[in-house]
*Asks:* 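Pasting a structure here, questions to come.
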Amino acid sequence: MSKEQTEEKIYLLCDCNNFFASCEKIFRPDLKNRPVAVLSNNDGVVVSRSYETKKLGIAMGSPVFKIQNEINRYHIVTFSSNFNLYLDISNRVMSTLETFCKDLEIYSVDEAFLTFENMTEDQVLNLAFKIKNTILSRIGINIGIGIARTKTLAKLANHYAKKNQDKTNGVFSVLSDHQRQKILLAFPIGEIWGIGRRLEEHLQNDGYISSFDLSKADVAEIKKRYSIVVARTVMELNNIDCIESVENGDSQNQIMWSRSFRDRLYEFDDVNQAISNFTAEVAKKLRSQKLFAKRITVFIRTSYFGNQLKYANDATLVLDYPCNDTRVLIEASRLLLQHIFAPGYAYSKAGVIVHDLVSERCFQSDLFKETPNQDELNKADRLMQTMDSINLNDKNNIRIGLQSKSDFKENKEKLKLSPNYTCSWDDLPEVF
DNA sequence: TCTGGGGTCCTAGGACCC
DNA sequence: TCTGGGGTCCTAGGACCC
């Protein structure tokens, strides 16, 4: 191991193992060593599996109805997804990580990049084990840590650490060239962060099979033949740090609400009711983040599966002015749905997306469009505020126009939901 | 009966202007 | 009458991620 100090950055990718399933296990000691699976929104497919469940061969994304036999036979314990719980555990993990490193980039709910400088490999490894043990003892979550000079390599190292738990104890560094080559040879290109199914296929056809092959490719050639994105990946595999950190925190650029329907919907009015509900949720999220949307998109589709006729379509409207008013957005989404709705199909899913989000409602007044004046806007704001305060805690007592009264068909009841161990219902953050 | 939900970034191509 | 090219801005769509 190198004893030299280095000025260059070192990335630690810390990633929680089997995150949702692990969260469920924290408060249920009786589930230790037992197979656990967390299900998607309407209990449709498996979205997280404990180690034991993985060993049984249950694949990510398996539809529950297809693996019901295995669930019964092996007594797999299933949970509906409890995002409030996972988010709370995530916050605890992240704030603990932050005590080790101020330079923390939260990449997703269960992983973060920590950046260090001026450390030897020995020092970094010691620190990594300390971090891992602290998270485990304080929170009860097992994490894996990958250490490298670039984020792409840190992801790969993390992957290796988890796959070879017995050899690595969940921590793996590829700071030395020897170790770097070792993992490049160990992983096919499809395992590299940023290389998905399509690119994998193209690259394989061009003869790039292992990550090592890709690392030896000519950057200019790759850029020409593929894209700047793949070219950057090649450089990252060669220790050239070139993936900028995403500015954390502010300025989300889109908010989406979409659901699969419990039953297929056929009639315009039924779909419109669902779309209205989704739009109301999106508008509520906009207001809670004090944002205004400039564009809104509605999409509908039939199921990918089965023999019925397939149809999918979407439409986008540029709003006259940046807006988070439920009534205006619902009217816009109805117009859009009218555009794309085709009768005679069995719709299984729909969604609403708002994009181009801005934090101020500054708009260029357009002489030829009717935009409301400031008075009207203030009045609308007050109405929405009143509505939000009455609808606090997700109860949705006040509805508008075509929103349905019951909580309706888009969502099965979450029968297997675990209790909210970590917080009371009253102070749940509105995030998911 | 039953097949997730929520995001980001990049690029090509059209519209428009000079 | 015909013939351009270059620049910018915007958007739809593709690909990827967790």
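Chain naming here is simple, since letters A, B, ... match the order of the sequence lines and numbering starts at 1 in each. FYI, side chains are in, hydrogens and waters are out, and symmetry mates aren't considered; it's all heavy atoms of this structure.
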*Asks:* Counting only side-chain heavy atoms from C-beta out, which of B:dG5, C:dC18, B:dC10 sits nearest to A:Ser258?
*Replies:* B:dG5
*Asks:* Just to be sure I understand the rule, does A:Gln68 reach a base, reach only the sugar-phosphate, or reach nothing, if contact means heavy atoms closer than 4.0 Å?
*Replies:* nothing
*Asks:* Give one of base, sugar-phosphate or nothing for A:Leu199, where a contact means two heavy atoms less than 4.0 Å apart.
*Replies:* sugar-phosphate
*Asks:* Which whole number of Å gives the distance between the C1' atom of B:dC16 and that of C:dG4?
*Replies:* 15 Å
*Asks:* When you compare the side chain of A:Thr78 with that of A:Val46, does any pair of heavy atoms fall below 4.5 Å?
*Replies:* no
*Asks:* Rounded off to whole Å, could you give me the CZ-to-P distance for the A:Phe305 and B:dT1 pair?
*Replies:* 16 Å
*Asks:* Does the ring of A:Phe65 lie flat against the base of B:dT3, closer than 5.5 Å centre to centre with planes under 30°?
*Replies:* no
*Asks:* Name the closest nucleotide to the A:Tyr107 side chain, picking from C:dC18, B:dG6, B:dT8.
*Replies:* C:dC18
*Asks:* Over all strands shown, is A:Ile255 touching base, sugar-phosphate only, or nothing at heavy-atom distances under 4.0 angstrom?
*Replies:* sugar-phosphate
*Asks:* Among the nucleotides C:dT11, B:dT3, C:dC16, which one has an atom lying closest to any side-chain atom of A:Arg198?
*Replies:* C:dC16
*Asks:* Provide, to the nearest angstrom, the distance between the CZ atom belonging to A:Phe299 and the P atom belonging to C:dG13.
*Replies:* 14 Å
*Asks:* What is the separation between atom NE2 on A:His355 and atom P on C:dT11, rounded to the nearest whole Å?
*Replies:* 10 Å
*Asks:* Remember a base hit wins even if backbone is also touched, and classify A:Ile243 as base, sugar-phosphate or nothing at under 4.0 Å, heavy atoms.
*Replies:* nothing
*Asks:* Using heavy atoms to find the nearest nucleotide of DNA chain B for A:Phe20 and A:Arg232 separately, return the residue whose nucleotide is more 5′.
*Replies:* A:Phe20
*Asks:* Let's test this: given Watson-Crick or G-U wobble pairing with both distances under 3.5 Å, identify the partner of C:dG5.
*Replies:* B:dC18
*Asks:* Between atom CZ in A:Arg262 and atom C1' in B:dG5, what is the gap in whole Å?
*Replies:* 19 Å
*Asks:* Would you kindly say whether A:Asp43 and A:Ser80 are connected by a side-chain donor-acceptor distance under 3.5 Å?
*Replies:* yes
*Asks:* State plainly whether the residues A:Arg334 and A:Glu331 are in salt-bridge range, i.e. N to O under 4.0 Å.
*Replies:* yes
*Asks:* I need the CZ-C1' distance between A:Arg259 and B:dC2, as an integer number of Å.
*Replies:* 17 Å
*Asks:* Examine B:dG4: is either OP1 or OP2 under 4.0 Å from a nitrogen or oxygen in the side chain of A:Ser260? Give yes or no.
*Replies:* yes
*Asks:* Over all strands shown, is A:Val64 touching base, sugar-phosphate only, or nothing at heavy-atom distances under 4.0 angstrom?
*Replies:* nothing
*Asks:* Side-chain contact, heavy-atom cut-off 4.5 Å: A:Lys132 with A:Asn142?
*Replies:* yes
*Asks:* Could you tell me how far apart A:Met256 (CE) and C:dC17 (P) are, to the nearest whole angstrom?
*Replies:* 17 Å
*Asks:* What integer distance in Å separates A:Arg49:CZ from C:dC18:P?
*Replies:* 14 Å
*Asks:* Please check if any side-chain donor atom of A:Gln68 sits under 3.5 Å from a side-chain acceptor atom of A:Asn72, or the reverse.
*Replies:* yes
*Asks:* Base, sugar-phosphate, or nothing: which does A:Lys155 touch, judged by heavy atoms less than 4.0 Å apart?
*Replies:* sugar-phosphate
*Asks:* Please give, in whole Å, the distance from B:dG5 C1' to A:Leu87 CG?
*Replies:* 15 Å
*Asks:* Among B:dG7, C:dT11, C:dC18, which nucleotide sits nearest the side chain of A:Glu111?
*Replies:* C:dC18
*Asks:* State, yes or no, whether a side-chain contact exists between A:Leu56 and A:Glu52 at a heavy-atom distance under 4.5 Å.
*Replies:* no
*Asks:* Considering only B:dT3, B:dG7, C:dC18, which nucleotide approaches the side chain of A:Lys66 most closely?
*Replies:* B:dT3
